[in-house]
Visitor: 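Got a structure for you, written out below as structure tokens; questions coming shortly.
Chain A is the first sequence line, chain B the second, and so forth, proteins listed ahead of strands; every chain is numbered from 1.
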Amino acid sequence: MLEVKNLHAKIDDKEILRGINLTVKPGEVHAIMGPNGSGKSTLSSVLAGSEVFDVSEGSATFYGKNLLDMPAEDRAREGLFYSFQYPVEIPGVSMVNFMRTAVNEHRKYNGEKPYTASEFLKLMREKKKLVEIDSNLTNRSVNEGFSGGEKKKNEIFQMAMLQPKVSILDETDSGLDIDALRIVANGVNKLKSENNATVVITHYQRLLDYIVPDFVHVLYKGRIVMSAGKELALELEEKGYDWIKKQFED
Amino acid sequence: MAENQDKILEEVTGSDYKYGFTTDIETEVIPKGLNEDVVRLISQKKNEPEWMLEYRLKAFNHWLKMEQPEWAKLNIPKIDFQDIIYYAAPKQKPQLDSMDDVDPELKATFEKLGIPLDEQKVLAGVAVDAVMDSVSVKTTFKETLAEKGIIFCSFSEAVQEYPDLIKKYMGSVVNYTDNFFAALNNAVFSDGSFVYIPKGVRCPIELSTYFRINATNTGQFERTLIVADDDSYVSYLEGCTAPQRDENQLHAAIVEIVTMERAEVKYSTVQNWYPGDKEGKGGIYNFVTKRALCKGDYSKVMWTQVETGSAITWKYPSCVLMGDHSVGEFYSVAVTNNYQQADTGTKMIHLGKNTRSLIVSKGVSAGKSQNSYRGLVRVNKKAENARNFSQCDSLLMGDQCGAHTFPYLEINNNTAKVEHEATTSKIGEDQIFYCNTRGLSTEDAVGLIVNGYVKEVINQLPMEFAVEAQKLLQISLEGSVG
Ligand SMILES: Nc1ncnc2c1ncn2[C@@H]1O[C@H](COP(=O)(O)OP(=O)(O)OP(=O)(O)O)[C@@H](O)[C@H]1O
Ligand SMILES: [Mg+2]
């Protein structure tokens, strides 16, 4: 469903992604790990449609469609979801209004009638329960004044609302307390199905105890330098990245 | 990044003015230019009593001694006052007994603007006075209002029918010597609306005046006078549009409000005069004097304005808080785009004891526009325990526009408590991108963010107007992103 080939991206002539290959199929969970600054967030935001970076080479397709040709909003409407490492605050815009617009834009794109207020509120209640998010948060402006952990929970709530096909979760576990980590991971697991896929970016094995990956990739200096099963995460937890860095120093 | 921003800005600000059409109706105009004879002619055309003519002439002679002001942060080209037509009126039968007598072209014009003049079709609960060029076309719901003793009619009619009220209150808030444009208005004013709410009456419907400039080269100089007697209440709405023309047109109005004991007036404006094209050509010069006198104790006036149009806006709706415990509130959204310039704000003059004022101003600037807030809070010597809170926020889109805040304080009583807060923010690309990743187009994202930003003000508007205003904001900023 998501096929990334030899993807290169740069900013101000500085190449950050240097040939990424990644294939994600329905029902799969991929974990991407890698040292700080290796390009994990860059990869996510390029796939989500950020125009901050220039894609200089390579391709990315989503269900056969050229992802790189689509504006960010269409990628979302096609079913790609990006949970931000640093979710953005939008003062004055209520979560309810924001989500209602987002959900209805998705529906419009898919030729469905927009939800009425009551249908929408019902959906929202359901999803709030699913990801155990507090009503206090959904009654406020988008991420405004949310704590770090609350922002992350709110990302998963939005994911639940939009029911994407592929979700890229960029360090959703960082900043979460122990209970919140379990709640968020449970939420992600409940949303999992045979038809959708999840890409989790994380620094810690801990999250992968809950969300068990089928593949673990190591991203280093803009390339995926190693891919293996879930045992790779355990190995990294134990040994760190030095042994990989040594192998791929250039 | 900057390039991308420019591109989006370009797209967004590219939308066209929706109300730019003209109506083909027979118009009676007098020749261009201004002198004493023109003032006499206007008065004569309107069949005015002698006292009204004298008043006009007094104002005219005073105006001759004045200079066009230059102090605001505006770049106002010298206006040639001899190149303007001071009276234009749609030709029609003088007496309107029913809707059938209104010129169908004219009716169609107002319908196109969403202002139905037909009483059956009027939005539930809004009485409308429609003013085209210089003349009031039709006031709806007059009879319903009359039952409660409420007067709502065109200003010219009031001069004929209620001379005592007009003599008593006209100029009691804004004297003809007040400023250059006020003096001009007093000399040549054409028409406008008059409202009187008797003691103890709550006006059951929203009163609304709709101003439309149609004829070429004409100035529009209307006046509005609202008098709310003891314990009364009224909510009044004002809307404005003009056709798209290459030359600039002048609009210099006066609005006066008087509130007696415990009376309350809400005055809301959605101003959408033609702003000029993308290069800054054409557009309305909007120089308006709006002032309320809170005369009675415990009286209250609330100004709410959403300003999206005009090439140049110069406007400071003000409150003179004379009665003890009287309250003045000012809520404003001013949006500027392309080459628009706005210098707007308020004056709160505290005279009585325990008077309170609140100012909430939200500026939104895009394109190459300049947007200034200018506000004065004055507390006089005898105004014990005066309170003021001002909140002035600016939102910028792109980096070619300007936002400025000029708060002036004159505090002459040390029991006063005056607070001022100001913020400047930008719509960030990260905010837009975040919305995009949730499936919102850039335009919708800007609309959502701007509407969120101005919510506090929009919430003060009556329901139908609020919806209208939100749409208008989105249209005026279509595509402008920073
Ligand atoms: N807007 C930008 N301008 C300049 N450099 C950038 C920009 N965004 C990212 N970079 C650089 O690109 C590289 C990759 O950053 P990225 O955020 O993708 O790393 P990451 O793998 O997500 O790291 P972390 O684990 O710390 O989140 C870093 O060296 C970073 O400084
Ligand atoms: Mg990162």
Visitor: For A:P91 and B:Q431, which heavy atoms make the closest approach, and how far apart are they?
Guide: CD-NE2, 3.6 Å
Visitor: Quick check on the interface: out of B:G439, B:C435, B:S441, who has the most heavy-atom pairs with chain A under 4.5 Å?
Guide: B:G439
Visitor: OG1/A:T101 to CG/B:L448 distance, rounded to the nearest 0.5 angstrom?
Guide: 5.0 Å
Visitor: Heavy-atom pairs under 4.5 Å with chain B - which of A:V103, A:I90, A:L80 has more of them than the others?
Guide: A:I90
Visitor: Hey, what do you get for CD (A:E51) to CD (B:E429), rounding to the nearest 0.5 Å?
Guide: 8.0 Å
Visitor: State whether the number of non-hydrogen atoms from other residues, nucleotides or ligands found under 6.0 Å of B:Q391 atom CD is greater than 12.
Guide: yes
Visitor: Tell me the closest heavy-atom pair linking B:T437 and A:A48, and the distance in Å.
Guide: CG2-CB, 4.2 Å
Visitor: Only heavy atoms, only distances under 4.5 angstrom. Which residues in residues 147-163 of chain A are near chain B?
Guide: A:E155, A:Q158, A:L162
Visitor: Will you find, in the side chains of B:D430 and A:Y86, an N or O donor that is under 3.5 Å from an N or O acceptor?
Guide: no
Visitor: So how far is it from A:H106 NE2 to B:L440 CG, rounded to the nearest 0.5 Å?
Guide: 9.5 Å
Visitor: Applying salt bridge (Lys or Arg N to Asp or Glu O under 4.0 Å) as the test, list every pair that has at least one member in residues 91-102 of chain A; sequence neighbours left out.
Guide: none
Visitor: Mind checking which of residues 64-75 of chain A sit less than 4.5 Å from chain B, heavy atom to heavy atom?
Guide: A:A72, A:E73
Visitor: Within residues 116-124 of chain A, which positions have a heavy-atom distance to chain B below 4.5 Å?
Guide: none
Visitor: State the CG-CG distance between A:N104 and B:D444, to the nearest 0.5 angstrom.
Guide: 11.0 Å
Visitor: Please round to the nearest 0.5 Å and tell me the distance separating atom CZ of B:F433 and atom CZ of A:F84.
Guide: 4.5 Å
Visitor: Which atoms form the tightest heavy-atom contact between B:K455 and A:G92, and what is the distance?
Guide: NZ-O, 2.8 Å
Visitor: Is the number of heavy atoms from other residues, nucleotides or ligands within 6.0 Å of NZ (A:K190) greater than 12?
Guide: yes
Visitor: Side chain, backbone, both or neither: which part of A:E89 has a heavy atom under 4.5 Å from chain B?
Guide: backbone
